[in-house]
Amino acid sequence: MGEKSVFDSQTNIITDAVVFEEDYTPDEIYCRDEMKTEYVQILRPIYKGRPPKNAFLYGDTGVGKTAVTKFLLEKLADDLEKKHGEQTITANNLSILSSEFPEPHTVASGENADLTVVQLNCQNLPTKGEKGTSYQVAVALVNQFLSEEDELSTTGHAPQAIYNRLYKEIDRLGGTILIILDEVDAIGDDDTVLYELPRSRADGKISEARIGVIGISNDYTFQQNLSPKVQDSLCEREIRFPAYGADQLATILRERVDVGLIEGSYSESSLAIIAALARRDSSGSARKAIDILQKAAEIAEDRGKEEITEAFAREAFEEIRKDELIEDIKQQDAHKLNALNALAEAHRLDKVPIRKKTLHSTYSKIVEDNGNKPIAVRSFHNHLNRLVMFGLVNEVTENRGKGGGRYNVYELSQEMTPQAVNKAINETDDISWVDVTYIKDV
DNA sequence: CGTCCACAGGAAGAAAAGGGCA
DNA sequence: TGCCCTTTTCTTCCTGTGGACG
């Protein structure tokens, strides 16, 4: 009898971890029948070799927008292949639909690709975290068509040159080109890309290819803020994805556990709890529900238990929330981390709702101690505002009237703790300027 | 009811960081 | 190499304002 490896847990209830992964596509997508029907109508022209339609999808994160997209596109690719035989190509790797770093574009047989799908996440395109602009989207699109060595830099080009290049690449490919812009609301006010793309053929900028644009957004209001010309072209068709209800989430979970977990390791009621937790916390995100499920299963394994109990589900939920928080903090840039650092220190010293001015001087001290130059109060103010928008920091406006004036005070938001800030900063290894011992000393 | 504090946050432009092109 | 782009961030300057005080 072989000795058990220390890496093995006492029990194994997960049989196939694939079902938890982001890009797992189930055999069937549940509870999205109406959306699927509408979506099929949008894609149908492509199957028939007619000019594609543009569309706009919206709904909160994790309600199946990308899942349905991926599911239907794979099906479309299959069916096209069946229809035309092997050599009329279904083009570009659909797997990029969910991978963060798309592989270079590969069109199997060159010239006559029938359908090319390009997917792009418009969020966090350029410098970390901030808004992607039309320009950035255009650059990123061009890069999707180029091999890795040839990729363009994200700055330094004349905008018109980028658009021209984009048209050139598109025309070179020819055929039907379906451009999927995920998180399209990140584009912000300047929507030239959204205007240019759908009309490029009509404007004579391209002649060989036909372009379809599908915009995906989780901001309901985004589409209303678009300029009317863009609304006309892009929002030809729109599909709304409502949030999953708790029972629908449970259905989705049931499908996953069927494939991925040992029978008997879960009960209807524990699935229901997970569904309810996800429903409440994230307004119906399937992603969230699946994450909780995975975590709960892992916890059960670690404890040597054979069943996911309600307690494990709740524990998993809490743990995931904590992890997410740390992740959120880690994503902030240097100035914001230092601001959080200073704020955490204020918490430790119990000077909790702290005025911006005071906070700024603490911040300056930290930065200077590490040999860097602090930014001016006005910029600091902007960073703080950002943190407030991210929900990491609370802001309250105080008004002491004549003789006191009006000012804002800040503190870490409810779920934030100085420990969380500390942990996040410690885990951020690309910022040597944060001297953690300094915080401990003061 | 007007005063007046102390800042909020807009505007404009300078600076920094990245890069093309001849 | 020098000069030209771009985007984004930071600075400087400034006007606007909620409401307790008198």
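In what follows, every heavy atom counts, from backbone to side chain, and hydrogens, waters and symmetry copies are set aside. Chain naming here is simple, since letters A, B, ... match the order of the sequence lines and numbering starts at 1 in each.
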Colleague: So, using ring pair (Phe, Tyr, Trp, His ring centres under 6.0 Å) as the criterion, who are the partners of A:H383 when residues are at least two apart?
Modeller: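 So A:H383 forms a ring pair (Phe, Tyr, Trp, His ring centres under 6.0 Å) with A:H335.
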Colleague: For A:K351, enumerate each residue passing the salt bridge (Lys or Arg N to Asp or Glu O under 4.0 Å) test, keeping only those at least two apart in sequence or located in another chain.
Modeller: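 Result, salt bridge (Lys or Arg N to Asp or Glu O under 4.0 Å) vs A:K351: none returned.
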Colleague: Which of these passes side-chain hydrogen bond (donor to acceptor under 3.5 Å, both in side chains) with A:D291: A:Q294, A:R287, A:K295, A:K288?
Modeller: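 With A:D291 as partner, A:Q294, A:R287, A:K295, A:K288 yield a single side-chain hydrogen bond (donor to acceptor under 3.5 Å, both in side chains), made by A:R287.
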Colleague: Between atom NZ in A:K357 and atom P in B:dA6, what is the gap in whole Å?
Modeller: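 So the NZ-P distance, A:K357 to B:dA6, works out to 8 Å.
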Colleague: A:Y410: what forms a ring pair (Phe, Tyr, Trp, His ring centres under 6.0 Å) with it, not counting sequence neighbours?
Modeller: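 A:Y410 satisfies ring pair (Phe, Tyr, Trp, His ring centres under 6.0 Å) with no residue once adjacent residues are dropped.
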Colleague: Can you establish whether the number of heavy atoms outside A:K36 located under 6.0 Å from its atom NZ is more than 12?
Modeller: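 Yes, because the 6.0 Å sphere around NZ of A:K36 holds more than 12 heavy atoms from other groups.
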Colleague: Taking atom P of C:dT8 as reference, at what distance in whole Å does atom NE2 of A:H383 sit?
Modeller: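 For the pair A:H383 NE2 and C:dT8 P, the rounded distance is 14 Å.
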Colleague: Just list the side-chain donor-acceptor pairs under 3.5 Å for residues 413-420 of chain A, sequence neighbours left out, or say none.
Modeller:
residue	atom	partner	partner atom	Å
A:S413	OG	A:G391	O	2.9
A:S413	OG	A:L392	O	3.2
A:T417	OG1	A:A420	N	3.0

Colleague: Using the six-membered ring wherever Trp is involved, compare the ring planes of A:H360 and A:F380 and label them parallel, tilted or perpendicular (cut-offs 30° and 60°).
Modeller: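 Rings of A:H360 and A:F380: perpendicular, as their planes differ by over 60°.
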Colleague: Okay, side chain of A:E318, backbone of A:R314: is any donor-acceptor separation there less than 3.5 Å?
Modeller: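 Checked: no pair found.
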Colleague: Check the interface with nucleotides 19-21 of chain C: list each N/O to N/O pair with the protein under 3.5 Å, or write none.
Modeller:
residue	atom	partner	partner atom	Å
C:dG19	O4'	A:N399	ND2	3.2
C:dA20	N3	A:K402	N	3.1

Colleague: How many Å lie between NZ on A:K336 and C1' on C:dC10, as a whole number?
Modeller: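 My rounded result for the distance is 12 Å.
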Colleague: Could you go through nucleotides 8-10 of chain B and list every protein N or O atom that sits under 3.5 Å from one of its N or O atoms, giving the distance for each pair?
Modeller:
residue	atom	partner	partner atom	Å
B:dA8	OP1	A:K356	NZ	2.5
B:dA8	OP1	A:N408	ND2	3.4
B:dA8	OP2	A:K356	NZ	2.9
B:dG9	N7	A:R378	NE	3.2
B:dG10	N7	A:R378	NH2	2.8
B:dG10	O6	A:R378	NE	2.9

